[in-house]
Visitor: 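Once you've had a glance at the structure underneath, I'll fire off some questions.
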2 protein chains.
Amino acid sequence: MPPPRHPRSPLTHAQVVDTALTILARVGLPDLTMRAIGSELGVQQSALYHHYANKQALLGSVADEILARGSRTPSHDATWQERVRLRCQDLHAAVTGYPDGADLVMSMWAFGMGAQAPFDELRGLLADAGLPDDVAPTAARTLLHFVYGHAYDEQSHAHATRSGIVTAHRTPSDFETGLDIVVTGIAARLPD
Amino acid sequence: MPPPRHPRSPLTHAQVVDTALTILARVGLPDLTMRAIGSELGVQQSALYHHYANKQALLGSVADEILARGSRTPSHDATWQERVRLRCQDLHAAVTGYPDGADLVMSMWAFGMGAQAPFDELRGLLADAGLPDDVAPTAARTLLHFVYGHAYDEQSHAHATRSGIVTAHRTPSDFETGLDIVVTGIAARLPD
DNA sequence: ACCTGAACACCGTTCAAGT
DNA sequence: ACCTGAACACCGTTCAAGT
């Protein structure tokens, strides 16, 4: 059932990404097909290839949109640890806000197709904190590996219990504890 | 071209897993299809479903086999840090030993289908080191998130450069630095 | 320029039927 | 018990053709 999309008005990237996010929220990544996106937009799946080179490019934009939403601004007197924590907590929230969000963002980031803003921000925060240039990128990646890995685990766990597989439970404070471990390890790398 | 498989001898799990690993090494995860495995074994793809409930279960065994190979034994006077590092280095080597190995192991572990031995070992090492029971599992997971996340990045980077996408380079010591950050952060959680 | 409609070359999985 | 052969219900992607 195609929604009341204005006939003969060309598709915009924003429309496509918004629709993809809606479908992702409803049915998850495995059912986010080109056919589903096209059908929700009242268009043939082949029409999407006039706007994106392939599905990966489209999903890259979707990942960017997931990450762009809702990042809080730290107070001016916040320490670098508090800034880094806040950014990681927001990233965690953004990514777990959609089913399979961690899976999607992780793969797009690793393949270099979008989702690179968080890395740049974290590297910037760590550089401002005084972390040497040869360790700041590594530390930023380590933070992201933890944030995405933890979120991926949580969301897979949801899938697994849905299909009757028993896995270990995850405390709400589990993320905070792990984040504290990584931030403490980074702090030890500061000069002085 | 089916290899000289003894006719009418029932398929064993070891045969299937070995064949899957051979194909994985040759063509990567996207082309590791049920048809490819069957054809390499000289059997119809449907025959595999007599031994595994589905593809995920088969890939779970493959992930276990990848992880089971080549883990060195630490010397008796090694500190817990050295033991943990050694285990993580071996895991990193095992997982990067096959194309898309990190992707495969990560998803199987997260979905609770095999690949759980490394978690149990690391948790044990950390518990022996004196880490409290409420933080040892979290710390073990944090290590695995880093190891798998880093390996996943490296391997995706290989894919991306193959398809002409520019990404940041990764120093050989990058893994060691990140590992040091996490281990240092864990050490700060020890009592005394 | 933008989209349709139909096809191509695949997937994982199921299942009656054979031995 | 183990496997075949064929089908089912899908995929992502391409491409001539329309407007």
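Below, read A as the first sequence line, B as the second, and so on, with proteins coming before strands; counting in each chain starts at 1.
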Visitor: Atom CG of Leu41(B) and atom P of dC3(D): how far apart are they, to the nearest Å?
Guide: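 Atom-to-atom, Leu41(B) to dC3(D), this comes out as 10 Å.
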Visitor: I need the CD-P distance between Gln44(A) and dG18(D), as an integer number of Å.
Guide: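 In whole Å, dG18(D) P lies 16 Å from Gln44(A) CD.
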Visitor: Check whether any side-chain nitrogen or oxygen of His50(B) sits under 4.0 Å from OP1 or OP2 of dT4(D), and answer yes or no.
Guide: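 So the side-chain polar atoms of His50(B) never come under 4.0 Å of the phosphate oxygens OP1 or OP2 of dT4(D).
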Visitor: Between atom OH in Tyr49(B) and atom P in dT14(C), what is the gap in whole Å?
Guide: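 Result: 7 Å.
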Visitor: Between Pro30(A) and Ala53(A), which is nearer to the 5' end of DNA chain D once each is assigned its nearest nucleotide?
Guide: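 The answer here is Pro30(A).
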Visitor: Nearest whole angstrom, please: distance from the P of dA6(C) to the CD of Gln45(A).
Guide: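 Spelled out: CD on Gln45(A) to P on dA6(C) is 12 Å.
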Visitor: Round to a whole Å and report the spacing from CD of Gln15(A) to P of dC3(C).
Guide: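 So the two atoms are 9 Å apart, to the nearest Å.
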Visitor: Salt-bridge test for Arg26(A) and Asp31(A): reply yes if a basic N is under 4.0 Å from a carboxylate O, no otherwise.
Guide: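 Result for this pair is no, no salt bridge flagged.
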Visitor: Mind telling me whether His145(A) and Trp109(A) have parallel, tilted or perpendicular rings, with 30° and 60° as the class edges?
Guide: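 Judged by the thresholds at 30° and 60°, the geometry between Trp109(A) and His145(A) is tilted.
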Visitor: If I take atom CG in residue Leu32(A) and atom C1' in nucleotide dG12(D), what distance separates them, rounded to the nearest angstrom?
Guide: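 My rounded result for the distance is 13 Å.
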Visitor: Select one nucleotide: of dT14(C), dC3(C), dT4(C), the one nearest the side-chain heavy atoms of Ser46(A).
Guide: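 Taking heavy atoms from C-beta onward, the closest nucleotide is dT4(C).
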Visitor: Keeping the roles fixed (side chain from Asn54(B), backbone from Ala57(B)), state whether a donor-acceptor pair exists under 3.5 Å.
Guide: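 Flag set: sc Asn54(B) to bb Ala57(B) pair under 3.5 Å.
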Visitor: Could you check which nucleotide pairs with dT13(C) in any of the strands shown, counting Watson-Crick or G-U wobble with both distances under 3.5 Å?
Guide: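 When the pairing criteria are applied, dA7(D) turns out to be the nucleotide that pairs with dT13(C).
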Visitor: Go through the N and O atoms of the side chain of Thr33(A) and the base of dG12(D), and report whether any donor-acceptor pair is under 3.5 Å.
Guide: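 Side chain to base: no pair present.
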Visitor: In whole angstrom, what separates Arg35(B)'s CZ from dC11(D)'s P?
Guide: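 Spelled out: CZ on Arg35(B) to P on dC11(D) is 16 Å.
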Visitor: Ignoring hydrogens and geometry beyond distance, is a side-chain donor-acceptor pair present between His51(B) and Gln15(B) at under 3.5 Å?
Guide: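 Checked: His51(B)/Gln15(B) side chains show no N/O donor-acceptor pair below 3.5 Å.
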Visitor: For Asn54(A) and dT13(D), give me the distance from atom CG to atom P, rounded to whole Å.
Guide: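 Those two atoms, CG and P, are 5 Å apart.
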